[in-house]
Amino acid sequence: MTLERIDSYPTHRISDLPVRAGNPLLLGASFVPGGVNFAVHSESARQVEVLLYRRGAPEPYAVLPIPESFRTGSVHAIVIYGLEDLDTLEYGFRVDGGGPLADPYAKLVSGREVWGAEPDWDAPYPYRSRLLFCDFDWGDDLPPNIPMEELVIYELHVRGFTRHDSSGVSAPGTYAGLREKIPYLRSLGVNAIELMPVFEFDEFENSRLHDGERLYNFWGYSTISFFSPKAGYAASGRYGMAADEFKALVRECHANGIEVILDVVFNHTAEGNEHGPAISFKGLDNAIWYMLTPEGYYYNFSGTGNTLNCNHPVVREFVLDCLRYWVAEYRIDGFRFDLAAILSRDVDGTPLPNPPLLQTLAYDPVLRRCKLIAEAWDAAGLYEVGSFPDYQRWSEWNGRYRDALRAFVKGDPGAAREMAGRYIGSPDLYRLRGTHASVNFVTAHDGFTLRDLVSYNGKHNQANGEDGRDGGDDNVSWNCGHEGESDDPEVNALRRRQMKNMLTLLLTSQGVPMILAGDERARTQRGNNNAYCHDSELTWMDWSPDELGEELIAFTADLIAFRKAHPAVRVAKHPTDKELGAGLHEVSWHGERPWQPDWSDESRLLAVVRCAPLSAAPGSDLDCVFVVANTHWETRQIEPPALPPGVEWRLAIDTWADGPAGNLPDQRRITVRERSTVVLHARVPAALLDELQR
C-alpha cells in the first residue's frame, strides 16, 4: 500500500524524504493525510531517530533524526511523507546512537509471525514495529454486557485449545481454530472466555532443549508489545492479518453471547533485569518505566527480573492507553490482571492505600463497562485477596476459595467452617462489594488440572528441566490412594466422584465461577503443575472422545444449566439469614438434622439451603436450593429441612449415582454416600407464601 503524496504539507526534507513536525498526542505510528505520524516519549533522550526498514532487510534504508524543533515537551514527533509499500514497511527508534528500539505503541510486530519458526538470530534486531491498517467490518456487533454475577468464565490458552490433531479445526492452534470451537463453548454453557496472554511475546525467550524436546515460553507471560496481538496465534499472521483474525474471533463470540476477557501482564516486561535485552522501555527511559533500587538495580516483585513502575504518571497513562485501545479497537469485554498486587505498589515497592492506576482504571469512561479482575497477589509476598483496592469495580481471583474447596473435598479436618464462608461468596472478604467480587476457581493454568488434583499428592515437573525446583508445593491435592494413573476401578471411581464434587460446589457457589479449559473432560498434565514451557500434548487439549471425558462434559453442561436456571445460587448480594416467608431464609445451615450444623474440626459435612425470588418481578415464586456435601469416608443419612405444605424437594444432582434427576421418593430422609454431593431444589409459589403469611 502507498499513500498519496501531498506536497503542500511537508516543511523539511530529511534523508531525502519530506517531513514536518508531528502530532505529539498520537503516540506510536498513525496515519495522517499523505503520511505517517511517528511519536515517541523519552525524557532522557537528546536525539531520537526514526529507522525505516524494508521487510527482512538487515539495515534501515532511511534514518531520520527528529529535529529538536519537532519536540514538544519530552515527546519527539515527526510526520514522514512519500513512504511506499507501507504494508511491508518496518520501523523502529534509536535514542542517542544506541541500538534499535521497538515502538511501545506499535500495533503489530515483525519477527514472530509463525509460531515456532526458528528466529533469525543474525538479525540485528528481531522485534521491528509495523503499521496496522484498520478496516475491519464489525457489522452489527454489540458486546453482550453480561452482569458479572451471571458469568461462567472458561480460562483457555489460544494455541493449546485447538493445537491437538484431534481438534478437527482447519487452522489448529490459532484464533481461527478457536473460532471454530465456539459451538462447543455454547453447548457447554460458558458465557465468557478468559484468554491467556495474547499480547505479542517471543515463544523462544529462554527456549532450550531438554531430553530432546524443545521447551518454549508457551504461556506468554512476558510481553514484548502491549498493543500488538500475538501474530503466531493467527493462521494469517505471516500475511499481517493477525488483528483481523482476532477481531473475527471476538465478533463471533459476541454473536453467540460469549464475552472475551484478556489476561494482561502489566507487572513486568520481557526486558528482564540488567542482564536482559533492551527492547523498548529500557532504551527510552529506564528509570521511569521500571522500579529501581537506590543502587540502580531492578526491584523484582514479579519474580521475572523487573517490575513495571505502574504508578508513575507516564506508565499509568500507557496502561490506560493500552486498555482503551483493546476495548475500542478489539471490543474486548474485560481484563484479568496478572500479579495485580504489583499495580498497587509505589515506586519503591511500598503498597499504596489508594493506588492511582487502579483508581484511574476503575473510573475511566471508556472502560466503564469492562470487567476488571485482579490476581490480588504478587511474587514478593504481597497478598491482597479481600483487601485489593476496590472502588466498587474490581473483582478478584479468590485464592482462599480455591484452597478452602480443595481442603474440604479432600476431607481435611476443620475445613467445613472455612468452606461455608467461601461457598456463599466470602462475605468476610467482600461484604461491601457483593458476591461478584469473588471469582471462584478450583484450578487455573498455574497448578494442577482438576484430574491431576485427584491423582497426585505432589508435583512431577521433571520434564521442565529445572530439577523439580519450579512449581508450587502447596497443592492441597490427594491422589485417592495411588500416585498417578491407576487401573484400580475403586480408585478411578473415587477420582471421578471427587472431580464431580468439586465441579458441583464450584458451580453452585455464590460468586463468579471460573473453569480451566479441559477440566470438564478430565485433561491431565501427568502431574506437572507448572507446564509453562511445553508446547506439546502435555498442554494441548485432547479432543478424542473417551468415556470419562464425555461423562464429565455432560455433567458440567448440566451443572452450568442448573446454575443459570436457579438465581438462588448466583444472587448479586451476599445471602443473610433474612426470612423470606414460611420459615425459608436467604441462607440457612443444617447438618444431619435440620438447623443443626456441625462446625467442629471433625465435621466433614456441609448442608445449606439458599432461597431467592425466581425473578425481579413483584410476586415472584421462590427458588430454593439445598446442597449437601459429605466429604467423610462414611455414608450419612440427612433429614432435609421442611418445605411449605404441598411443596417437595426434587433431586437435581447426586455425584455418587448416575441415575436421572427428578422426584425424590422420600422427603424425610436422603442418603448421601461417602465423599459425594447431593443437590435438591424446590419452587415455592408466591401465592402459597402469601396464604401462609395471612
Heavy-atom donor-acceptor pair, [X] side chain to [Y] backbone, under 3.5 Å:
X: E245; Y: A176; result: yes
X: K181; Y: S167; result: yes
X: D654; Y: W656; result: yes
X: R406; Y: V442; result: yes
X: N440; Y: R402; result: no
X: E375; Y: L339; result: yes
X: H632; Y: L605; result: no
X: S166; Y: W543; result: yes

Would you say the side chains of [X] and [Y] form a donor-acceptor pair under 3.5 Å?
X: Y391; Y: R433; result: no
X: D378; Y: N267; result: no
X: E396; Y: S438; result: no
X: E520; Y: Y154; result: yes
X: Q596; Y: D598; result: no
X: S395; Y: Y430; result: no
X: T162; Y: E180; result: no
X: S426; Y: N398; result: yes
X: E149; Y: T435; result: no

Using the ring of each side chain (for Trp, its six-membered ring), is W397 parallel, tilted or perpendicular to F441, with breaks at 30° and 60°?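 Rings of W397 and F441: tilted, as their planes differ by 30° to 60°.
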Which of parallel (below 30°), tilted (30 to 60°) and perpendicular (above 60°) describes F626 and W649?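 Answer is tilted, since the angle falls between 30° and 60°.
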For the residue pair [X] and [Y], is the inter-centroid distance of their aromatic rings smaller than 6.0 Å?
X: W326; Y: F335; answer: no
X: F246; Y: Y330; answer: yes
X: W589; Y: W599; answer: yes
X: W138; Y: H254; answer: no
X: H157; Y: H445; answer: no

According to side-chain hydrogen bond (donor to acceptor under 3.5 Å, both in side chains), who are the partners of D364, at least two apart in sequence or on a separate chain?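 With neighbours one apart ignored, the set is R324.
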Decide side-chain contact (heavy atoms from CB on, under 4.5 Å) for I261 and I193; before the verdict, give the C-alpha distance in whole Å, the side-chain angles of both, and the deciding distance to 0.1 Å. CA-CA 6 Å; I261 299 170; I193 54 174; over 6 Å; no
[X] versus [Y], closest heavy-atom pair with distance:
X: I146; Y: G257; answer: CD1-O, 3.6 Å
X: V672; Y: V678; answer: CG2-CG2, 4.0 Å
X: T449; Y: R523; answer: OG1-O, 2.9 Å
X: C611; Y: L580; answer: O-CD1, 3.6 Å
X: D263; Y: M196; answer: CB-CA, 3.9 Å
X: R604; Y: G411; answer: NE-O, 2.7 Å

Under 6.0 Å from the [atom1] atom of [X], do we count more than 12 heavy atoms belonging to anything else shown?
X: K573; atom1: NZ; result: no
X: R186; atom1: CZ; result: no
X: D666; atom1: CG; result: yes
X: R431; atom1: CZ; result: yes

Taking side-chain contact (heavy atoms from CB on, under 4.5 Å) as the test, write out the residues that go with E547, two or more places apart.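 In terms of side-chain contact (heavy atoms from CB on, under 4.5 Å), with neighbours along the sequence ignored, E547 is linked to R496.
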Quick one: side-chain contact (heavy atoms from CB on, under 4.5 Å) partners of E602, sequence neighbours excluded?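 So E602 forms a side-chain contact (heavy atoms from CB on, under 4.5 Å) with S600.
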Going by an N to O cut-off under 4.0 Å, is there a salt bridge joining [X] and [Y]?
X: R668; Y: E639; value: no
X: D623; Y: R570; value: no
X: E155; Y: R336; value: no
X: K247; Y: E329; value: yes
X: R451; Y: D519; value: no
X: E634; Y: R636; value: yes

What's the verdict on side-chain contact (heavy atoms from CB on, under 4.5 Å) for V679 and L559, showing C-alpha distance, side-chain angles and the deciding distance? CA-CA 10 Å; V679 179; L559 275 171; 5.9 Å; no
For the [atom1] atom of [X] and the [atom2] atom of [Y], what is their distance to the nearest 0.5 Å?
X: L506; Y: Y401; atom1: CG; atom2: OH; result: 4.5 Å
X: Q498; Y: L503; atom1: CD; atom2: CG; result: 11.5 Å
X: M419; Y: D412; atom1: CE; atom2: CG; result: 13.0 Å
X: D621; Y: L689; atom1: CG; atom2: CG; result: 8.0 Å
X: L178; Y: L249; atom1: CG; atom2: CG; result: 4.5 Å
X: F388; Y: S344; atom1: CZ; atom2: OG; result: 6.0 Å

Begin from the C-alpha positions of R563 and D558 and carry the test salt bridge (charged side-chain N to carboxylate O under 4.0 Å, His left out) through to its verdict. CA-CA 9 Å; R563 180 179 184 85; D558 287 346; over 6 Å; no
Please identify which of these residues, D333, V327, L361, I332, meets the side-chain contact (heavy atoms from CB on, under 4.5 Å) condition with C370.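 With C370 as partner, D333, V327, L361, I332 yield a single side-chain contact (heavy atoms from CB on, under 4.5 Å), made by V327.
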Residue that, paired with E194, satisfies side-chain contact (heavy atoms from CB on, under 4.5 Å) out of V260, L262, I373, L151: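 Going through the options one by one, the only one that passes is I373.
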Cation-aromatic face contact K371/W394, 6.0 Å, 45 degrees: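 Output no; distance or angle outside limits.
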I'd like to know whether I258 forms a side-chain contact (heavy atoms from CB on, under 4.5 Å) with I182, so could you lay out the CA-CA distance, the side-chain angles of the two residues, the decisive distance to 0.1 Å, and finally the verdict. CA-CA 9 Å; I258 297 172; I182 289 175; 4.2 Å; yes
Option among N630, N501, T504 that satisfies the side chain to side chain donor-acceptor pair (under 3.5 Å) test with T655: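 Only one of N630, N501, T504 forms a side chain to side chain donor-acceptor pair (under 3.5 Å) with T655, namely N501.
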